[in-house]
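Below, chains carry the letters A, B, ... as their sequence lines are ordered, and counting in each starts from 1. Owing to the predicted nature of the structure, the values given are computational and were not obtained by experimental measurement.
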Amino acid sequence: MITVEGLTRKYGSFTAVDNVSFVCQPGRVTGFLGPNGAGKTTTMRVMVGLTPPTAGRVTIGGHLYSDIPNPGRHVGVLLDASAQHAGRTGREILELGARTMGLPSSRVDEMLELVSLTPVEAKRRLRNYSLGMKQRLGIAHALLGDPSVLILDEPANGLDPAGIRWMRGLLKGYAERGGTVLLSSHLLHEVEQIADEMILIGNGRIVAQGDKKSLLANAGDSVAASFVTALDNERLAQALQAKGITVAKAGEGLRVEAETVEVGRTALESGAVLTDLRSAEGRLEDLFLELTAETQREAV
Amino acid sequence: MTAMTLDLSGTEPTPFGRLLRVELRKSYDTRAGRWLLISIGLLVLAAETIALAVTTVQDEAMQFGDFVGTAAFLTSFLLPVLGIMVLTTEWTQRTAMVTFALEPRRPLVIAAKAMVGVVLTLATVVVSTVIGAVCNALYGAIEGHVDWTFGWSDFAAFTITQVLAMLGGFALAALLLNTPAAIVVFFVYKWVLPGLFEVGAQLIGWFGDLRPWIDFQMAQNAIWDWSHSAGDWGELVVSGFLWLGVPLVWGIWRVLRAEVK
Ligand SMILES: Nc1ncnc2c1ncn2[C@@H]1O[C@H](COP(=O)(O)OP(=O)(O)OP(=O)(O)O)[C@@H](O)[C@H]1O
Ligand SMILES: [Mg+2]
């Protein structure tokens, strides 16, 4: 479990992290979400003792990071996959990590296998790695010591679609086995699919936190919407409009400002045959953009 | 595993010996590091071979100690660079983030790195001595007479001054955390300052009295002479404190508090 209590980090007069408190529970994946420069990386660096906090503190499983003996065996950290010696081979980088933690070389092979880096790739120097390969190596490094807590800063950065899906499964599995996983991102859809819990940060402040449902519930009166396609769109649109529901054309089908259940019911009543019905994604995205509005660089 | 607290009872703190072995490995597992070590070895070999060639051609008298001394003069240029690189690479390559995440007890990491510098310096001393012995034996075979004079006191002084040279680089590296800056400052300190001190001592009377206490290079003569004067050793301690102690303590203090990026 990671507990952040009243964490503040100032650089001169600029406050990068402003009185931030949250908890990452074991058995859950916690997503740490915010626009560029929101303070995610700074918060994570304080967690592992690389940046001293101005105020507040972070404990991991009840301990300060610096009090954890051989911390690599308990906490897996990936902050910056390119912060490695460019002249070392991928294998050598893992080998150094394994030796520091007192692990056998066989662990290095296991990890290379896990992140799908081939023996040939493992012999290349880091400066010749692609972005995604560096990221895979960084994930392998974080997992070396079989830790029960994972702290990953933008782990999906540079991974290909298959890699992202693989990582999602990996982290979910980790949490299911009781591990604590904290991962950051500035991409909502990336976190949404994997995180059980989300922390939204903007300008160094927490703007919202909770699971997807409760975040949306708190969003209050923002209207639900669905996408629907029927064999006869015209007929369905009329039936919906008769109920006073706003309908608009959207691609092949319709965008309806109502819950899917209401659209389904109307279809049944009107006898329209549905070929596709889903809730319009993007509400969470709207919420995210709205909550971090003042902190975005672009006007939304 | 669904515990709210981490059970640390089964984990030993990382032993110092392990940190030392990892840091030693880091000193030669990159091309840059390996070539620095190879260059030191080649320089020693070249220096002593040239000394052998020149002296046999000109029939000059040579002792075992002279061969080793030639090498010592040259390695005293490269060993400080070694001491600097052992530390600054962590910052220039940003590996300090990983190193300090795996071992948050930063003083131990720095101590392990300093020890690596000492170990490699001792290895250089051994290599210089072995090559020196071979050259001296060859000298004997060519010239028909051989002089194995190389006292323990010279050997000890050689070893100590080489370690001090390396540590001088290390201390400046801790202070500056930047390879070129540390190298430049080191050479100014080792080769330019003594000249300035000399000039200053000539021109300003009171500076002449002060100089022995702040000129670390000159004070090291006490080691070569195995001086019997307590004053000489006092000067060594004071100037060493100034040039090694202060930058080292100040630098380490900075590293301990630094934000690692
Ligand atoms: N050493 C420093 N001096 C001054 N400002 C700093 C320093 N380190 C970080 N900052 C500032 O703190 C803020 C937070 O940075 P941080 O790296 O935590 O953002 P982030 O949420 O990780 O963003 P991104 O999504 O782009 O990675 C930024 O405005 C950054 O410029
Ligand atoms: Mg960041």
Side-chain angles (χ1 to χ4, degrees), chain A residues 1 3 9 11 23 25-27 41-42 45-46 48-52 59-75 77-80 82-89 92-93 95-97 99-102 125-126 138 141-142 144-145 147-149 151 177-180, chain B residues 1-36 85-86 88-109 112 253-261:
Chain A
M1 183 172 77
T3 313
R9 169 71 212 201
Y11 293 104
V23 172
Q25 302 285 354
T41 304
T42 308
R45 269 216 313 272
V46 173
V48 299
L50 292 177
T51 293
T59 55
I60 299 178
H63 311 274
L64 289 175
Y65 188 85
S66 56
D67 292 339
I68 302 175
N70 202 353
R73 302 295 296 270
H74 297 285
V75 186
V77 181
L78 170 60
L79 288 183
D80 186 343
S82 56
Q84 287 286 5
H85 199 297
R88 288 201 179 105
T89 64
E92 179 64 17
I93 286 169
E95 189 73 49
L96 287 174
R99 285 180 185 226
T100 311
M101 293 181 225
R125 292 177 194 276
L126 192 84
H141 198 278
L144 262 178
S148 59
V149 178
I151 297 176
R177 277 177 279 125
T180 308
Chain B
M1 201 156 77
T2 325
M4 292 308 205
T5 52
L6 278 183
D7 180 14
L8 306 178
S9 56
T11 333
E12 291 293 313
T14 313
F16 185 73
R18 206 156 79 203
L19 288 178
L20 185 59
R21 281 196 298 280
V22 170
E23 291 303 333
L24 189 62
R25 189 179 167 113
K26 284 187 193 172
S27 70
Y28 61 79
D29 73 351
T30 61
R31 276 198 199 132
R34 203 160 42 235
W35 274 106
L36 180 62
M85 299 253 301
V86 161
T88 50
T89 319
E90 293 273 353
W91 270 265
T92 51
Q93 297 283 338
R94 300 175 60 225
T95 45
M97 271 173 83
V98 176
T99 306
F100 289 151
L102 288 182
E103 182 46 271
R105 296 173 299 170
R106 297 185 193 181
L108 289 188
V109 175
W253 178 80
R254 252 191 68 195
V255 171
L256 296 190
R257 299 165 37 99
E259 177 177 38
V260 185
K261 293 224 160 187

Enter the distance from [X]:[atom1] to [Y]:[atom2] here, rounded to the nearest 0.5 Å.
X	Y	atom1	atom2	answer
B:Q93	A:R88	CD	CZ	8.0 Å
A:H85	B:R94	NE2	CZ	13.0 Å
B:K26	A:E92	NZ	CD	10.5 Å
B:R18	A:N70	CZ	CG	5.5 Å
B:T14	A:R73	OG1	CZ	9.5 Å
B:M97	A:L79	CE	CG	4.5 Å

Contacting region of [X] [heavy-atom separation from chain A under 4.5 Å]:
X	result
B:R106	side chain
B:A258	backbone
B:T92	neither
B:V22	both
B:E23	neither
B:L102	both

(request) Name the option with the most non-hydrogen atom pairs under 4.5 Å to chain B; the candidates are A:G102, A:S82, A:G97. (result) A:G102
(request) Using a cut-off of under 4.5 Å on heavy-atom pairs, state which of A:G87, A:G72, A:A83, A:G49 scores highest against chain B. (result) A:A83
(message) How close do B:A101 and A:P71 get, counting heavy atoms only, and between which atoms?
(response) O-CG, 3.4 Å
(request) Start with the C-alpha distance between B:R25 and A:R99, add both sets of side-chain angles, then the distance that settles side-chain contact (heavy atoms from CB on, under 4.5 Å), and finish with yes or no. (result) CA-CA 10 Å; B:R25 189 179 167 113; A:R99 285 180 185 226; 3.1 Å; yes
(request) Under the side-chain contact (heavy atoms from CB on, under 4.5 Å) rule, what do A:L50 and B:E259 come out as? Steps first, then yes or no, please. (result) CA-CA 6 Å; A:L50 292 177; B:E259 177 177 38; over 6 Å; no
(request) Look at atom CZ of B:R34 and say whether more than 12 heavy atoms of other residues, nucleotides or ligands are closer to it than 6.0 Å. (result) yes
(request) List the steps, then state whether side-chain contact (heavy atoms from CB on, under 4.5 Å) holds for B:V260 with A:T51. (result) CA-CA 6 Å; B:V260 185; A:T51 293; over 6 Å; no
(request) Any chance you could lay out the side-chain contact (heavy atoms from CB on, under 4.5 Å) test for B:D29 and A:L96, step after step, and finish with the verdict? (result) CA-CA 10 Å; B:D29 73 351; A:L96 287 174; 3.5 Å; yes
(message) Donor-acceptor pair, distance only, cut-off 3.5 Å: does the side chain of A:H63 make one with the backbone of B:L6?
(response) yes
